[in-house]
Amino acid sequence: MKKIVSSIVFFVCSCSFLPDIFAQTHEQKIEWKRKELAQAEKTFKTAEKKYNTLKEELHQLRLIKGYWTLHGFWGINFSRAEFSNWAAGGVNSFALNSALTYRADYKKNKFEWDNFIDLGIGFVQNSGEDSRKSEDKIDILSKFSLETKNQEKLRYAALLNFKTQFAQGFDFSDESQTTLNSLFLSPAFLLASLGLDYKPTPSLSLYFSPASGKFTIVQDDSLAKKNFFIPLSAANPNFRSEFGASFTALLQKELRKSINLRSRIELFNNYSDPNKDNRKNIDISWETNLNFKISKYIGVSFLAHLLYDDDINISYRINENGIELEKKGPKIQFKNVLGIGFSYQF
């Protein structure tokens, strides 16, 4: 009987301690799971960060073939206006603009080779008038660079830049007659230089050359005789060479997934000009392109180009004492083009 009573007492006592033992084990499991969850969350955040970084790098590179990075943009914009018995007035018109840009960059070890092609052509035609150019350019840039010793961001570099246009260009300022003022290779500009290229960030390049050769070509004899692009003092009206210093700042950046910016400013100083007063002049070219993607195949493009060259004579009219006079001389040139239409990135 005593054994039975002892067994009952032991069983009752054991049961009284079971909740504490169970509670302790349960709390330990919760603590373990919390630690596992914290570790998993840390691993997840690291993996997510790596995933987003790789995704962004792939998006920036667009297309990789070996050591090449390729990226292109093509857009075509058009507009049409037609009026019939429109009280406010208006002129029937049609406009068409097309632009193509393409980058092909090569990088291997310490060597880089950057190439850029920018082509554009556009026409506008108003009712009763011949078609006129609204945009026309050929711009080809190639730059070789080699990393300097222990300076990843500073590189030795050589640059080639060629510019001209596709079609005939006319001056319509005088409605009684049109004047031809440009053709393919008339003019054309070639810049060849050696210098240093500094890249503080992957999207920004600052290039300085103390040894730059600038060559102006006017192939057409009739245009050469007008001295629009080569001054009368030059020995050869079809060709002129200049030697000086140049500076190029280039910004290429994807502001957002659907917005691309490219801005390039070029400065050139001819310190070999026979006319010493002209050595103070600096040629300026500043061009900015913005491309917005509205949808997969619809986009908006904006181009602004400011140009000043002391050797390019611009025809303009002034009024002196009631008399209208026509003069020629250097002027700040500015152009902007805004278009909405079909676009494709590749």
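In what follows, residues are counted from 1 in the order of the sequence shown.
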Side chain [X], main chain [Y], donor-acceptor under 3.5 Å:
{"X": "S182", "Y": "G169", "result": "yes"}
{"X": "T288", "Y": "S263", "result": "no"}
{"X": "N227", "Y": "I230", "result": "yes"}
{"X": "Q165", "Y": "L183", "result": "yes"}
{"X": "K42", "Y": "K45", "result": "no"}
{"X": "N77", "Y": "G341", "result": "yes"}
{"X": "D136", "Y": "A167", "result": "yes"}
{"X": "Q125", "Y": "E129", "result": "yes"}

Is it true that [X] and [Y] make a salt bridge, defined as a side-chain N closer than 4.0 Å to a carboxylate O?
{"X": "D310", "Y": "R279", "result": "no"}
{"X": "K163", "Y": "E287", "result": "no"}
{"X": "E266", "Y": "K214", "result": "no"}

Indicate yes or no: at least one non-hydrogen side-chain atom of [X] is less than 4.5 angstrom from one of [Y].
{"X": "F170", "Y": "Q168", "result": "yes"}
{"X": "S209", "Y": "L159", "result": "no"}
{"X": "R264", "Y": "N161", "result": "yes"}
{"X": "E242", "Y": "S212", "result": "no"}
{"X": "Y207", "Y": "S145", "result": "no"}
{"X": "L196", "Y": "Q151", "result": "no"}
{"X": "F228", "Y": "V218", "result": "no"}
{"X": "F184", "Y": "D220", "result": "no"}

Got a sec: does the [atom1] of [X] have more than 12 other heavy atoms crowding it under 6.0 Å?
{"X": "W286", "atom1": "CH2", "result": "no"}
{"X": "L232", "atom1": "CG", "result": "no"}
{"X": "F111", "atom1": "CZ", "result": "yes"}
{"X": "K107", "atom1": "NZ", "result": "no"}
{"X": "I30", "atom1": "CD1", "result": "yes"}
{"X": "F78", "atom1": "CZ", "result": "no"}

Cluster link [X] to [Y], ILVMFWY, side chain under 4.5 Å:
{"X": "L261", "Y": "L204", "answer": "yes"}
{"X": "L307", "Y": "F268", "answer": "no"}
{"X": "V300", "Y": "L290", "answer": "yes"}
{"X": "L206", "Y": "L160", "answer": "no"}

Evaluate the side chain to side chain donor-acceptor pair (under 3.5 Å) criterion for residues S142 and N115: first the C-alpha distance (whole Å), next the side-chain angles of each, then the deciding distance (0.1 Å), finally the verdict.
CA-CA 4 Å; S142 186; N115 300 278; 2.9 Å; yes
Determine, step by step, whether Y156 and F144 satisfy the side-chain contact (heavy atoms from CB on, under 4.5 Å) criterion, reporting the C-alpha distance in whole Å, the side-chain angles of both residues, the deciding distance to 0.1 Å, and the verdict.
CA-CA 8 Å; Y156 302 112; F144 307 83; over 6 Å; no
Do we get R262 above F73's six-membered ring, with its NZ or CZ under 6.0 Å from the centre and within 45° of the axis?
no
Minimum heavy-atom distance W68-A104, with the two atoms named
CZ3-O, 3.7 Å
Give me the atom names and distance for the closest heavy-atom approach of N97 to G122.
OD1-CA, 3.3 Å
Can you measure from CD1 (I76) to CZ (F342) and round to the nearest 0.5 angstrom?
9.0 Å
Hey, mind stepping through N260 and Q345 against side-chain contact (heavy atoms from CB on, under 4.5 Å) and telling me if it holds?
CA-CA 11 Å; N260 291 303; Q345 292 185 0; 3.0 Å; yes
Whether the K143 and S205 side chains hold a donor-acceptor pair (N or O, under 3.5 Å, no angle test) is what I'd like checked.
yes
